[in-house]
Every structure is written in C-alpha cells, then in structure tokens.
Amino acid sequence: AGVEAMFVNWLMAQPSNKGGGLITEMAAKNYAAKLRLFLSKPLFKDVGCKNAYAEVELRRFVSLRKKVESVPDFKKFDKAKANGNGYFSKALKYYERFLSLHPELLSKKALWLFDKSVRNAGLFYDYRVERRFVAALLAKPFVILTGLSGSGKTKLAEAFTRWLCGNNPNRCKLVAVGADWTNSEKLLGYPNALKLSEKKYVMPDTGVLKFLIEASKKENSKKPFFLILDEMNLSHVERYFADFLSTMESVDGEIHLYDGADIDDEETWFSAEDGTKIPPRIKYPRNLFVIGTMNVDETTYMFSPKVLDRAQVVEFCVDQTDLARYFACEKKRLDFEQFVDGRGAEYAEDFLLKAYETHPFSSDAQAALTLLFPKLKKLGAEFGFRTAGEFSDFVTIYESLGGDSESAVDAAIAQKILPKLHGSQGVFSEVIDELLMFARPPKENALEEQAKEDAARAEGRPVSTSGKYDVRYPLTAEKL
C-alpha cells in the first residue's frame with residue numbers, strides 16, 4: 001500500500017499527454033489500480049505475479065513487464081475500452097520509470113521481509129535496531145555489536161546472515177573467540193616449522209583460513225560472506241586480528257601467510273595435511289563482512305581507538321518497554337530453519353552491490369560533524385577523514401532504508417563518535433555539557449520549566465527535566 005501511494009503521488013507530478021498540465025488524481029489512481037488488479041486476471045496466470053507492487057527492484061520488474069507484454073491477447077486486453085483503452089500498458093511503463101528513480105524501495109522491502117522472518121522465527125527486535133545494523137554493514141563491512149549479555153546480539157547476526165545465505169557454513173561462519181588468542185594463528189594458521197622441507201601448513205581449527213580462501217575465489221565474487229566473531233574481546237583484538245585491521249582498509253590489501261613461494265606457481269605453495277594448497281598471501285575479499293560481538297565485564301578487554309575507528313559500533317540496550325514487549329509475546333522455540341534460512345537469498349547479490357556503492361557526502365552529516373568537530377577537539381578526540389566518510393555513508397544508507405535524517409545522524413554519532421570518547425571526569429565535564437546541549441538544546445520556555453523543576457524539588461515531588469529540552473538526538477543524549 002505504501003509503494004502504491006508513493007506511485008500515485010509521483011504520477012500526479014508527471015506531465016499529462018492530454019493538453020498539457022499534470023496527470024490528475026483520478027487518472028493517477030486509475031493507473032495505480034491497474035497495476036494492483038490486472039495481473040490477477042486469468043489471462044496472466046502464467047506470469048507468476050499477481051500484483052505489480054510485489055516487485056520493487058527495477059531489473060526484476062523489467063523482466064516481469066516483458067513477460068506480461070508477451071502474453072497472447074495482451075494488446076487486445078489492454079486496448080479494451082472496459083479496461084481503460086491502453087491504461088495498463090501505460091501504467092507498466094510509468095511504474096518502470098518510477099522504480100528507476102526510487103532504488104531505495106528494494107532495500108526497504110528487504111528489511112521489512114527480514115523483520116517479518118525473524119519475528120516468525122521467535123525473535124523480536126526494535127525495527128530501528130535492525131535498520132541500524134543493516135545500514136552499518138552496508139556502510140562498513142566491519143560491525144561490532146555491544147551491549148548486555150543475552151540481549152540478542154549474536155542471534156541478530158546469525159539471523160541476518162542465514163536469511164541471506166541460508167544455513168551454509170561455506171558462506172556464514174560463527175567462531176567463538178577464546179581467551180588464549182594471542183596472535184593470528186587461530187584465524188590464519190601457520191607454516192609447520194617441523195616440516196618446512198615438506199612445505200606443510202597447519203590449518204586453524206576455526207576454519208577461518210579456508211573460509212577466506214573460499215570468499216576470495218573469483219566465482220564467489222558476487223556472493224556475500226559473513227564471519228561472526230562471538231565475544232570478540234575475550235582476547236586483545238589488536239593481537240589476533242591485526243592482519244585483518246590493516247588490510248581491510250587497503251584497496252588491494254593482502255593478508256600475508258608465509259614466505260618462500262611464488263604466488264603464480266602453485267607447485268611452490270605449502271599444503272595442509274588434507275592436501276589443500278595454501279597460497280603465500282590472500283587478497284582481502286571485498287565481499288567479506290565481519291561481525292563481532294562483545295560483552296563488557298571483568299573477563300574481557302576494551303577495544304582500542306584503532307579498532308573502534310575501523311568499525312561501526314551498534315549498542316544493544318534493554319529497557320522496561322523492551323521487557324514488557326518480551327513478556328507480552330508468545331514464548332516459543334526459535335526456528336531459523338523454517339522461517340529464516342535462505343528466505344532473503346534473492347537479495348544477497350543486491351546487498352553486496354549496495355555495499356559497493358559510492359555515495360555523495362550527506363549534507364545532514366556534514367552539518368552535524370562541522371558542529372561536533374570543535375567540541376571534540378577540546379578533548380583531543382577529533383576525528384579524521386575515514387570517520388567523516390563512514391559517518392556520511394551511514395546517514396545516506398540509513399535514510400535509504402526508510403529512516404529520517406535526524407535518526408540517521410543520531411545513530412551515526414552513537415556508532416562512530418561516542419565509542420571513542422574516554423577520559424577523566426574533570427576533562428570531560430565541560431565538553432559533555434556542550435555535547436548534551438548539541439543533542440538536546442533547551443526549549444524557548446526552558447526558564448519557565450526550570451522554575452517548575454525547582455519548585456517540585458523543593459516540595460519533594462518527582463522531578464522531570466524532559467520539559468526543558470528539545471531532544472533532537474535521543475540515542476546520543478541518553479548515552480551522554
């Protein structure tokens with residue numbers, strides 16, 4: 001219904017073929033109704049689609065239109081006076097133009113279908129959190145999910161990857177990080193020092209190296225691959241993940257495995273015990289998405305600015321509203337196999353293409369960052385071009401998924417700026433006040449509200465400060 005309404009509004013802004021002017025509201029609704037109703041007619045039963053609005057991706061709609069127009073008696077049906085004398089064929093062409101100007105409709109539909117799948121499977125997330133997660137992945141293929149233990153971080157990562165790729169270990173790999181990971185051997189393996197003359201290589205038990213080799217193959221270049229590192233901060237990330245952190249930022253970054261072999265001569269390569277040939281280096285796959293989860297307690301390590309600067313950090317929070325919603329739902333066993341696995345497979349290639357897109361700088365992001373920069377500089381926490389670019393990309397993508405501009409900027413600040421802030425209270429206090437003023441500027445009647453607050457405090461009544469502020473960026477304000 002939403003797409004049809006958008007189409008009607010768009011049509012009413014198009015020039016009419018009859019004596020100038022614009023298409024009337026009555027004519028626009030007539031065109032729109034044809035797309036919704038006519039494909040359910042017996043004449044088009046073999047087309048495979050009963051409602052044109054089910055297709056919001058241009059390429060697939062063009063294919064559908066060609067099928068429709070190739071149906072015997074299509075022209076006769078289209079020209080019948082009872083059907084509007086050519087309105088159907090015109091509606092098809094108008095809709096094709098409409099879709100060419102609104103590529104974001106595909107992303108919105110895919111996100112809605114993903115949300116529906118996870119709810120059917122027994123998981124319930126705030127739709128805004130799902131939007132933030134997907135937008136973060138599309139803006140940067142390295143996302144860290146943080147928050148309370150048991151808040152659904154790993155399950156969301158699993159659900160999305162399995163929705164796109166099915167329960168396929170060759171495309172989605174979940175690895176539990178150990179507390180003893182002190183170097184990259186758990187991910188990349190190492191040459192067997194006792195069998196160097198035989199050119200033997202020890203493969204890691206995690207299967208990550210084999211996963212990387214698979215992702216880097218040319219025949220898999222149009223398929224997304226997802227590596228989930230569960231409890232990523234049980235060990236120092238900078239130690240075991242250093243090779244990934246450095247190469248993911250390079251255009252032609254390569255992960256070095258060993259020396260003494262020619263990359264172009266497979267006969268010189270080392271091999272694993274099972275006979276698998278291991279190249280001396282691997283080009284970092286652009287189709288690889290890394291999702292890390294982290295908890296914060298006495299058994300874990302905090303991320304360094306180097307790691308945070310290269311990631312989008314999405315925080316999971318649980319409040320009383322979330323608990324109430326949780327208890328209101330019917331409790332049932334999670335069922336990914338029936339409701340999630342592969343349900344979004346048709347969107348996998350589109351997801352990858354969207355991740356490759358280059359976006360112009362967002363004016364909303366630019367305005368926010370320009371105001372934030374001098375405030376953060378006082379702390380020595382100013383940001384570089386990478387943060388600015390990824391901030392802008394996230395805002396653009398979040399808006400394309402149906403979010404409004406203020407929510408996009410709010411989420412971007414919470415994910416790219418605030419995680420890197422650290423210091424003593426003495427250093428922070430003045431800047432925190434400035435940042436809070438930015439996130440929730442006072443209303444025009446702030447003095448009047450302050451008087452009410454003072455009176456309530458003097459009388460021992462509950463005090464609310466919400467009336468004083470215009471909360472522009474709620475996520476940011478709450479975090480601060």
Side-chain angles (χ1 to χ4, degrees), residues 140-142 161 164-166 168-178 180-229 232 235-292 306-307 310-311 348-349 351-353 355-356 358 386:
K140 184 63 181 283
F142 179 30
T161 57
L164 279 180
C165 305
N168 183 352
N170 293 325
R171 301 263 307 281
C172 311
K173 179 161 286 295
L174 173 64
V175 177
V177 173
D180 60 340
W181 288 24
T182 57
N183 55 42
S184 63
E185 291 179 358
K186 297 291 185 180
L187 296 176
L188 301 175
Y190 54 92
N192 190 334
L194 300 178
K195 296 182 179 181
L196 286 179
S197 60
E198 301 175 36
K199 296 187 174 181
K200 291 297 181 181
Y201 197 89
V202 179
M203 295 286 278
D205 294 336
T206 57
V208 171
L209 177 58
K210 192 171 182 180
F211 186 76
L212 282 176
I213 293 173
E214 192 69 21
S216 62
K217 290 180 179 178
K218 188 175 181 180
E219 60 266 28
N220 290 328
S221 62
K222 294 184 178 181
K223 302 174 184 176
F225 282 68
F226 296 92
L227 173 63
I228 304 171
L229 297 174
M232 194 177 189
S235 288
H236 285 288
V237 177
E238 299 83 354
R239 295 177 182 174
Y240 71 83
F241 205 59
D243 295 288
F244 288 77
L245 291 174
S246 59
T247 54
M248 69 170 54
E249 296 300 323
S250 304
V251 176
D252 295 312
E254 293 183 327
I255 296 178
H256 180 81
L257 299 178
Y258 61 88
D259 296 313
D262 183 353
I263 190 68
D264 296 318
D265 185 1
E266 195 171 317
E267 293 298 319
T268 66
W269 294 4
F270 282 47
S271 59
E273 291 298 330
D274 64 0
T276 303
K277 287 289 186 178
I278 310 299
R281 58 184 184 274
I282 303 172
K283 186 173 182 180
Y284 192 87
R286 291 185 66 208
N287 56 335
L288 175 66
F289 297 81
V290 180
I291 306 168
K306 176 182 178 180
V307 177
R310 287 163 168 76
E349 186 176 342
F351 173 85
L352 193 60
L353 292 174
Y356 289 164
T358 301
R386 174 169 47 221

Return the set of residues passing side-chain hydrogen bond (donor to acceptor under 3.5 Å, both in side chains) with [X] (not counting sequence neighbours), or none when no residue passes.
{"X": "Arg286", "value": "none"}
{"X": "Asp264", "value": "none"}
{"X": "Asp259", "value": "His256"}

Counting distance only, does the side-chain N/O of [X] pair as donor-acceptor with the main-chain N or O of [Y] below 3.5 Å?
{"X": "Thr247", "Y": "Ile255", "answer": "no"}
{"X": "Asp262", "Y": "Thr268", "answer": "no"}
{"X": "Asn220", "Y": "Glu214", "answer": "yes"}
{"X": "Ser235", "Y": "Thr182", "answer": "no"}
{"X": "Lys140", "Y": "Arg310", "answer": "yes"}

With a 4.5 Å heavy-atom cut-off, do [X] and [Y] have their side chains touching?
{"X": "Tyr284", "Y": "Ser250", "value": "no"}
{"X": "Ile291", "Y": "Thr161", "value": "yes"}
{"X": "Trp181", "Y": "Thr206", "value": "yes"}

* Quick one: sort the Tyr201 and Tyr258 rings into parallel, tilted or perpendicular, breaks at 30° and 60°. =>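 Tyr201 vs Tyr258 ring planes: tilted.
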
* Asked: Taking the inter-plane angle between the rings of Phe351 and Phe226 on a 0 to 90° scale, is it parallel (under 30°), tilted (30 to 60°) or perpendicular (over 60°)?
  ->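 Tilted.
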
With a 3.5 Å cut-off and sequence neighbours excluded, list the donor-acceptor pairs that the side chains of residues 188-198 form with protein atoms.
{"from": "Asn192", "atom 1": "OD1", "to": "Leu194", "atom 2": "N", "distance (Å)": "3.0"}

* With sequence neighbours excluded, residues passing salt bridge (Lys or Arg N to Asp or Glu O under 4.0 Å) with Lys218 ->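 Per chain and number, Lys218 pairs via salt bridge (Lys or Arg N to Asp or Glu O under 4.0 Å) with no residue.
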
* How would you list all residue pairs meeting side chain to side chain donor-acceptor pair (under 3.5 Å) that involve residues 272-283, not counting sequence neighbours? ->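 Passing the test, one end in residues 272-283: Asp252-Lys283, Glu254-Arg281, Asp274-Thr276.
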
* Asked: Any ion pair linking Lys199 and Glu267 (charged N to carboxylate O, less than 4.0 Å)?
  ->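 Looking at Lys199 together with Glu267, the answer is no, because their closest N to O distance does not fall below 4.0 Å.
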
* To do: Can you establish whether the number of heavy atoms outside Arg386 located under 6.0 Å from its atom CZ is more than 12?
  =>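 Yes, CZ of Arg386 has more than 12 neighbouring heavy atoms, counting only those of other groups under 6.0 Å.
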
* Taking everything shown except Lys222 itself, do over 12 heavy atoms lie less than 6.0 Å from its NZ? ->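 Atom NZ in Lys222 is not packed in, count stays at 12 or less.
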
* To do: Determine the minimum heavy-atom distance between Pro279 and Ile263, stating which atoms define it.
  =>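 Closest pair (atom of Pro279, atom of Ile263, distance): CB-CD1, 4.0 Å.
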
